[in-house]
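This report refers to the structure that appears directly beneath it.
Fair warning: this is a prediction, and the values are worked out from it, not measured in the lab. Per chain, numbering begins at 1; letters A, B, ... match sequence-line order.
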2 protein chains.
Amino acid sequence: MVSQDNPPSEPRRARGRPRDWSDKTAQNTIKSLDRAMEVFEFLSEHQGKALTTLASETDQSPATVYRILVTLEGRGLVEFDAVEQLWHIGPRAFVIGARFLRRTSLVERARPVMRRLMEQTGETANLGIERGGQVLFVSQVETEATIRAFFPPGTLSPMHASGIGKALLAEMDDARLQRALAGKELTAFTPYSITHLDALRADLEQVRARGYAVDAEERNIGMRCIAAPVFDIHQEAVAGISVSGPTSRVGLEDIERLSEAVRAAARDLTATLGG
Amino acid sequence: MVSQDNPPSEPRRARGRPRDWSDKTAQNTIKSLDRAMEVFEFLSEHQGKALTTLASETDQSPATVYRILVTLEGRGLVEFDAVEQLWHIGPRAFVIGARFLRRTSLVERARPVMRRLMEQTGETANLGIERGGQVLFVSQVETEATIRAFFPPGTLSPMHASGIGKALLAEMDDARLQRALAGKELTAFTPYSITHLDALRADLEQVRARGYAVDAEERNIGMRCIAAPVFDIHQEAVAGISVSGPTSRVGLEDIERLSEAVRAAARDLTATLGG
DNA sequence: CTTGCATTTTTCATATCGTGAAAACGGCTT
DNA sequence: AAGCCGTTTTCACGATATGAAAAATGCAAG
């Protein structure tokens with residue numbers, strides 16, 4: 001989506017003194033800030049932590065963690081529940097993080113397309129992009145049915161066990177594929193998960209051929225997902241759009257029908273992006 | 001914002017040494033961290049800034065800002081676009097921020113806002129969402145007056161005869177409006193009810209223009225209601241907030257004044273949702 | 001092609017300021 | 001009441017964040 005992760009292809013005309021990328025230990029970073037951000041991140045993963053717990057689990061002194069939290073609290077990045085005496089992520093963190101989406105108009109443009117897709121299919125519609133070898137779900141429109149697939153925006157998921165992930169992988173050339181999967185295990189989440197590279201490649205071949213990817217209970221038992229890639233003006237797959245629902249409603253015989261709607265939605269979105 | 005702002009009611013049992021709240025200058029915060037967060041926040045507001053610009057606009061030396069950015073980049077909180085040489089908010093900020101939503105629901109977050117609204121206006125405050133073409137009242141903070149409007153949470157009410165309903169309808173585009181009203185009769189509950197589609201459209205036009213909706217005895221004789229829409233991060237109207245009271249206290253001449261408070265409350269709630 | 005300017009990144013010396021230990025403070029438990 | 005536990009503050013020390021300036025580069029102008 002946004003440049004940067006293609007050093008081989010992009011011209012990379014860097015103004016100013018070039019950064020010393022070889023410096024693995026990153027000596028140009030601020031240690032105290034990094035430690036503070038570690039606490040921040042840790043807190044976001046395990047919400048509702050007490051000061052002492054937080055301190056011991058991040059290997060820092062309670063006094064330091066306390067000061068970090070109070071400082072962040074001053075900006076609303078974290079919140080202190082005075083009743084329960086627990087710390088949480090604050091609303092401003094949400095506001096700031098959400099601005100990540102504003103960078104490209106992708107999410108905004110996708111909104112009406114997704115809504116229509118949800119109405120046509122009756123299933124939850126999702127939008128995801130690739131980030132650091134994972135699928136990042138950035139937006140969703142929930143179905144009105146009571147039984148629904150729920151992926152809160154901000155969720156990260158492995159590429160190989162996700163419809164959107166596979167739709168994106170299928171559009172990558174071999175070098176990029178290697179990089180996206182580098183160091184990643186093909187974890188088995190269910191008995192249906194794809195765990196071998198050969199099997200994955202074969203599946204991706206199919207995805208390319210028919211224009212959509214299927215996640216048939218590869219991540220969650222009882223959930224199926226049908227996804228198609230969305231292209232930007234450079235013909236690059238920048239996102240995936242999908243519907244997901246319970247096996248009871250999304251039967252194997254429904255896939256053909258649903259895939260039509262998903263592909264149409266992907267085409268629509270591609271068109272509004274200038275593909 | 002969460003629990004914390006009701007010192008009169010909450011017991012406020014603080015374990016440990018009590019914080020020195022009088023210390024307005026907050027001497028217990030970490031200056032460097034605060035400055036770093038200032039850059040972080042500033043960047044989120046004005047995305048795509050160059051280093052120098054960022055430095056001068058936050059009144060810090062380029063070297064310092066550079067180190068802050070590189071540190072945050074290491075955690076994915078900010079991103080550097082190598083082609084354009086610009087800095088942006090990173091995906092991890094989105095992931096972390098999104099976890100804020102997991103903790104509390106719309107209803108819980110609305111609670112303090114509604115309480116304040118009730119105190120300001122002296123009237124019962126309501127929160128409602130749209131479900132299946134009807135308004136679902138999900139939460140309420142009752143006034144202390146003896147004569148009070150009472151909507152038990154869980155109550156369903158037709159959209160066209162409800163302040164919240166009209167506030168939500170007014171934000172829909174035409175297609176969605178059609179669907180929300182599909183198959184619904186514009187039932188007359190009182191002589192003041194709106195029963196013709198044209199009249200409703202005209203009213204909605206007004207609602208949009210002034211930013212709030214009024215239910216003037218359209219559902220119950222003797223009760224008036226002033227509502228405003230609440231938006232989520234996608235700028236979609238997800239809920240409505242309102243005050244309702246007897247005509248004796250909510251006169252036509254009070255509407256202007258009350259609507260200010262309602263709109264302010266709606267704005268507050270919208271803000272904590274990331275709108 | 002050369003020169004100058006703008007911008008980013010690194011080096012370095014300095015003193016700021018972040019740090020942990022320990023004490024102070026209260027609530028909670030027995 | 002006394003002891004325990006978790007939070008907040010104090011304090012003295014030295015790690016480290018900081019800005020100035022230099023280095024390294026691209027870009028635009030001559």
Margin query: If I take atom CG in residue B/L51 and atom P in nucleotide D/dT25, what distance separates them, rounded to the nearest angstrom?
Written below: 18 Å

Checklist line | Whole-Å gap separating P (C/dT7) and CD (B/E57) | finding: 13 Å

Check: Once you round it to whole Å, what is the distance between P of C/dG18 and CE of A/M37?
Finding: 13 Å

Checklist line | Result of checking A/T270, A/I241, A/L127 against A/V113 for side-chain contact (heavy atoms from CB on, under 4.5 Å) | finding: A/I241

Checklist line | Lys/Arg-Asp/Glu bridge criterion (N-O < 4.0 Å) met for A/E130, A/R176 | finding: yes

Check: Roughly how many Å is it from CG in A/L69 to C1' in C/dG18, rounded to a whole number?
Finding: 15 Å

Next item on the list: In whole angstrom, give the distance that lies between atom CD of A/E84 and atom C1' of C/dC28.
Entry: 15 Å

Check: Can you give one letter per nucleotide of nucleotides 16-23 of chain D, 5' to 3': B if a protein heavy atom sits under 4.0 Å from the base, S if only from the sugar-phosphate, - if neither?
Finding: SSBBB--B

Checklist line | Pairwise distance CG(A/L77) to CD(A/E79) - rounded to 0.5 angstrom | finding: 10.5 Å

Item checked: Sequence-distant partners of A/L86, side chain to side chain contact (heavy atoms under 4.5 Å, CB included), two or more places apart -> A/A50, A/E84, A/H88

Next item on the list: Quick one: list whatever passes salt bridge (charged side-chain N to carboxylate O under 4.0 Å, His left out) with A/E108, sequence neighbours left out.
Entry: none

Next item on the list: Indicate yes or no: does B/R35 engage B/D59 in a salt bridge with an N to O separation below 4.0 Å.
Entry: no

Next item on the list: For B/Q85 and C/dT9, give me the distance from atom CD to atom C1', rounded to whole Å.
Entry: 11 Å

Next item on the list: For B/N28 and D/dC11, give me the distance from atom CG to atom P, rounded to whole Å.
Entry: 13 Å

Note to self: Between P on C/dC25 and OH on A/Y66, what's the gap in Å once rounded to a whole number?
What the structure shows: 15 Å

Notebook entry, point to check: Looking at D/dT25, D/dT8, C/dT10, which one has an atom nearest to any side-chain atom of A/R19?
Noted result: C/dT10

